J.: 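Let me give you the structure first, and then I'll get to my questions.
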Amino acid sequence: VPPDSRPCPGLPRRMFVPGLLAAALALAPATPIRAATANPAPAVPADVAVPPADAARIAGAALASDRAWRRLSELCDGIGHRLSGSAALDRAVAWARAAMVEDGLDSVWLQPVKVPRWVRGQESATLVEPMPLELPMLGLGRSVGTPKGGITAPVVAVSSFDEMAALPPERVRGRIVLWNVPFTTYGQTVRYRSRGANEASRRGAVASLVRAIGPTGLRTPHTGNMAAYNDSFPRIPGAALSAEDTDMIQRLLDRGTGVKVRLSMQADTLPDGVSHNVIGELRGRERPDEIVVVGGHLDSWDVGQGAHDDGGGCVIAMESLRLLKELGLRPRRTLRVVLWTNEENGARGAKAYADSIGTRQRHVAAIESDGGVERVVGFGFRLLKAGTDSTDAGATARLVERARPLSRLLAGIDAAAIDGDGGGTDIEPLMKLGVPGIAHQTTMERYFQRHHTAADVMSHVDPLELRRNVAAFAIMSWALAEMPGTLVP
Ligand SMILES: [Zn+2]
């Protein structure tokens, strides 16, 4: 997932961009949009300057190619979803490696990573009272299963941890807790998916259900990982229901109607398996030991196709290097693509990569694409306080100012927003080492409706938006690897 700090993902930007376009067109109907700028742009400092003509060539090649679309279709339709430890993820690793070799990168290698292996098995949730009804559900990653025959118990619904804490013990003990927390932002609501089972078990509940972590969709449950079990309490199963069924249960309870659910899950955790980060690079022509890392995560949840999360990000990063190679643009620094494994239920690929980098090479920037293939708006840049995961506000503000001249390279494809909202799960361990973390940002208007659901499939990816994302990502990757100076001088 992208950084949690974004308030309502993308909406203000989405509303802003068409307004800006309309204003530009009204001002200068007969001239190109970029000519409508009232004041001449300030001069670009020499050490962050790159040839705009090369950016235009990259954009032209990206917008003309359906290669990324064909690649994403190979991954989504040919391999499908790919949870850590699955045979499908092994196939995806082999596929990505072969694709990078085919693209002619200077070196391509696999980095072994030990990953957890959680398997879903058969599962169901059934309303037993007041009437029988099958409820679409998804077990949560890391959850234990239920005993054979399932767990049947009355449901108690709560809308927050505080409300739970205030309930008398007999209202919770022996029941199934339903966390009915309407979606606001991912960061605010995902806590109930993470900690719900532990908090319910602490009060004596026998299972934990969570309202879908996403805006109301089409009666779609969303899976995702739970926090590690707190071994002071029994391990109880956790699963997600759709927003609509959660609303229905809440209405029944509000009317004083007893609700009973049977939850049945075969979920199990097997011994760790071995997966791989897939890595390829274009070696720098002048400073090969300075590395710009770009990528996404190759694993996905075990539903849908992982098209937006994060097959698209992987393909966008791979295609960026392929385009530069095809155009003969060998950057000053080494540009390295990393497709991380196990982002969804462990982030062990991210840790293994950061642990491996050593001191001979210097990582000067890291870009992650994990916000789906929607309309691209720009890039976020962020620096952390050394050794921590908290933002260094002053250093980030300086970083954003330094990166700002790069936005003019992206204005032509309407992706020129530059802000301080950088980062990503897979690049966070690098950021803790002082590497500037950059998020590839899209509007994310529909992202959380499909995130971790059976609906995250290729049919919901717009081929033209995919091309524009490749264009923006390739230009930013190239600019950071090519500019004479580095983002943090
Ligand atoms: Zn993701």
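One-based numbering, in listed order, for ligands and for the atoms of each. Quick caveat: nothing in here was measured; it's all calculated off a predicted structure.
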J.: Counting backbone and side chain alike, does Asp310 bring an N/O/S atom below 2.8 Å of the Zn ion (ligand 1)?
T.: no

J.: Under a 3.5 Å distance rule, please check whether Arg82 uses its side chain to pair with a backbone N or O of Gly80 as donor and acceptor.
T.: yes

J.: Looking at His363 versus Tyr353, is the centre-to-centre ring distance below 6.0 Å?
T.: yes

J.: For the pair His451 and Phe448, name the ring-plane relationship: parallel under 30°, tilted 30 to 60°, perpendicular over 60°.
T.: perpendicular

J.: From His297, does some N, O or S atom reach closer than 2.8 Å to the Zn ion (ligand 1)?
T.: yes

J.: Check for me whether Arg191 meets the cation-pi criterion with Phe161, that is, NZ or CZ under 6.0 Å from the six-membered ring centre and within 45 degrees of the ring axis.
T.: no

J.: Near the Zn ion (ligand 1), is there an N/O/S atom from Asp309 that is less than 2.8 Å away?
T.: yes

